[in-house]
Amino acid sequence: MKGIVFTEFLEMVEDVFSPDVADAIIEHANLPSGGVYTAVGTYDHSEMVRLVTALSRETGTEVDDLLEVFGKYLFGRFRALYPDFFTGVDSAFGFLENVEDYIHVEVRKLYPDAELPTFDTRRLDSERLVMEYSSARPFAHLANGLIHGCLESFGETAEVDFEDLSHGEDTHTRFTLRLVDNG
C-alpha cells in the first residue's frame with residue numbers, strides 16, 4: 001500500500017482521537033516499519049491491518065467501523081490534495097463512475113507501483129449505481145467509507161447496500177447505491 005494511506009490514517013487518529021492514541025497504536029502494533037511512513041513509500045498492507053486492530057483495541061470501536069470512518073476522512077483528504085480529479089464532475093455518481101477509468105489511471109501515473117483495487121461500475125438508471133470492489137487486500141469497509149465520503153462531498157444522500165461476495169474476506173463486495181431525494 002502507498003504510504004499516503006498510512007500517513008493520512010495516522011493524521012486522522014491524531015485529529016479524531018489524540019496524538020497519544022496514535023503513539024500508543026504504533027507502539028502496540030509491532031510494525032516492521034516501526035510506524036515511520038512517507039507518503040510516496042510502499043508498505044505491506046498487513047501494517048494497516050495491525051494499526052486498525054490496535055486502534056480498535058485502544059478505542060473499543062469495531063475494526064470495520066474504524067475503516068469506514070477512515071474512508072470518509074480519506075476521501076476528504078483526496079479532494080483537498082488532488083482537486084484536478086474533481087474538475088468537471090458535478091455528482092457523486094459521476095465521480096464514482098470515473099474511479100477505474102480515470103482516477104486510477106492518474107494515480108498510476110503518480111505512483112507507478114501502486115496496487116489498486118478494481119471497481120466495476122454500472123449505472124442502472126439516474127438514481128441507482130452498482131459498484132463491485134475487488135482487491136487482494138481486505139479493505140471493503142474502507143471502500144464503503146470512501147463511497148460515503150464521496151456522497152457527503154457532493155452533498156448527496158444515498159442508501160448504500162453492502163453485499164460481501166468474498167465470504168467474510170472483505171476482498172470482493174458489491175455496493176448498490178440508490179439516491180435519496182432530500183427535498
Side-chain angles (χ1 to χ4, degrees), residues 1-18 21-22 39 48 52 55-56 59 61-111 114 116-135 137-165 170 172-183:
M1 289 181 81
K2 293 312 296 176
I4 190 169
V5 177
F6 290 89
T7 59
E8 292 298 333
F9 178 76
L10 292 173
E11 284 291 322
M12 182 208 68
V13 172
E14 288 182 3
D15 291 348
V16 172
F17 299 100
S18 74
V21 170
M48 180 59 68
V52 176
L55 182 60
S56 176
T59 64
T61 305
E62 294 292 325
V63 167
D64 293 345
D65 294 338
L66 290 169
L67 285 170
E68 289 178 13
V69 167
F70 177 49
K72 286 181 187 179
Y73 176 91
L74 189 58
F75 190 88
R77 293 295 300 143
F78 285 162
R79 186 151 195 170
L81 294 169
Y82 306 105
D84 291 349
F85 290 172
F86 297 86
T87 302
V89 181
D90 61 358
S91 71
F93 281 13
F95 183 86
L96 293 170
E97 287 175 310
N98 284 321
V99 168
E100 193 63 34
D101 295 330
Y102 174 67
I103 306 300
H104 281 178
V105 170
E106 295 301 314
V107 169
R108 284 185 183 95
K109 289 178 187 175
L110 294 170
Y111 306 106
L116 303 171
T118 59
F119 288 94
D120 179 27
T121 307
R122 63 186 186 284
R123 179 91 64 120
L124 301 178
D125 56 40
S126 64
E127 296 180 358
R128 293 181 303 149
L129 179 79
V130 174
M131 296 185 79
E132 280 200 28
Y133 160 90
S134 296
S135 176
R137 296 174 300 278
F139 293 121
H141 286 277
L142 176 60
N144 192 33
L146 286 162
I147 290 168
H148 283 278
C150 179
L151 289 161
E152 288 177 11
S153 175
F154 284 96
E156 297 173 4
T157 305
E159 293 175 357
V160 180
D161 291 328
F162 181 111
E163 182 183 357
D164 180 10
L165 304 174
D170 283 342
H172 186 194
T173 302
R174 179 180 300 123
F175 299 99
T176 304
L177 292 72
R178 188 181 66 76
L179 288 176
V180 176
D181 183 10
N182 293 324

### Query
How about E68 and K72: do any of their side-chain heavy atoms sit closer than 4.5 Å?
no
### Message
What I'd like to find out is whether the side chain of E159 reaches to under 4.5 Å of the side chain of V180, using heavy atoms alone.
### Response
yes
### Query
Considering only heavy atoms from C-beta outward, does the side chain of L142 approach that of V52 to under 4.5 Å?
no
### Message
Evaluate K2 against V107 for side chain to side chain contact (heavy atoms under 4.5 Å, CB included), listing each step before the verdict.
### Response
CA-CA 11 Å; K2 293 312 296 176; V107 169; over 6 Å; no
### Query
Are F75 and E152 side-chain neighbours, meaning at least one heavy-atom pair lies under 4.5 Å?
no
### Query
Which distance, rounded to the nearest 0.5 Å, do you find between the CG of L177 and the CE of M131?
7.5 Å
### Message
With a 4.0 Å cut-off on N to O distance, would you call R178 and E127 a salt bridge?
### Response
no
### Pairwise distance CG(L179) to CD(E156) - rounded to 0.5 angstrom
5.5 Å
### Message
Run L96 and F119 through side chain to side chain contact (heavy atoms under 4.5 Å, CB included) and show every step you take.
### Response
CA-CA 9 Å; L96 293 170; F119 288 94; over 6 Å; no
### Task
Kindly state each residue pair satisfying side chain to side chain donor-acceptor pair (under 3.5 Å) with at least one member in residues 80-90, sequence neighbours excluded.
Y82-Y111
### Task
To the nearest 0.5 angstrom, please state how far the CD1 atom of I103 sits from the CD atom of E106.
7.5 Å
### Task
Please tell me if the side chains of L151 and V160 come closer than 4.5 Å, counting only heavy atoms from C-beta onward.
yes
### Query
How many angstroms lie between atom CZ of F78 and atom CD1 of I4, to the nearest 0.5 angstrom?
5.5 Å
### Task
Grab the two heavy atoms, one from F95 and one from F86, that are nearest each other, plus how far apart they are.
CE1-CE2, 3.4 Å
### Query
Heavy atoms, side chains only, cut-off 4.5 Å: are Y73 and F9 in contact?
no
### Query
E100 side chain to D120 main-chain N or O, any donor-acceptor pair under 3.5 Å?
no
### Message
With side-chain contact (heavy atoms from CB on, under 4.5 Å) as the test, pick out the partner of V13 among T59, L66, L55.
### Response
L55
### Task
Could you walk me through whether V69 and M12 pass the side chain to side chain contact (heavy atoms under 4.5 Å, CB included) test, one step at a time?
CA-CA 9 Å; V69 167; M12 182 208 68; 4.0 Å; yes
### Message
Show the nearest heavy-atom pair for residues E14 and A22, with the distance to one decimal.
### Response
CG-CB, 3.6 Å
#### Entry: Flag side-chain contact, heavy atom, 4.5 Å: F70 against E8
yes
### Nearest heavy atoms of A143 and Y133, plus distance in Å
CB-CD1, 3.8 Å
### Query
Would you say L129 and E97 make side-chain contact, with heavy atoms under 4.5 Å?
yes
#### Entry: Nearest non-hydrogen partners of F6 and M48, listed with the distance
CE2-N, 3.4 Å
### Query
Looking at CG of D65 and OG of S56, how far apart are the two atoms once the value is rounded to the nearest 0.5 Å?
8.5 Å
### Summary
Shortest non-hydrogen pair, H172 vs D164, comes out as O-OD1, 3.4 Å
### Query
Got a second to check how far F85's CZ is from R79's CZ, nearest 0.5 Å?
13.0 Å
### Task
Please name the pair of heavy atoms, one in L146 and one in G71, separated by the smallest distance, quoted to 0.1 Å.
CD2-O, 3.3 Å
### Query
So which of I147, T176, N144 actually passes side-chain contact (heavy atoms from CB on, under 4.5 Å) with F162?
N144
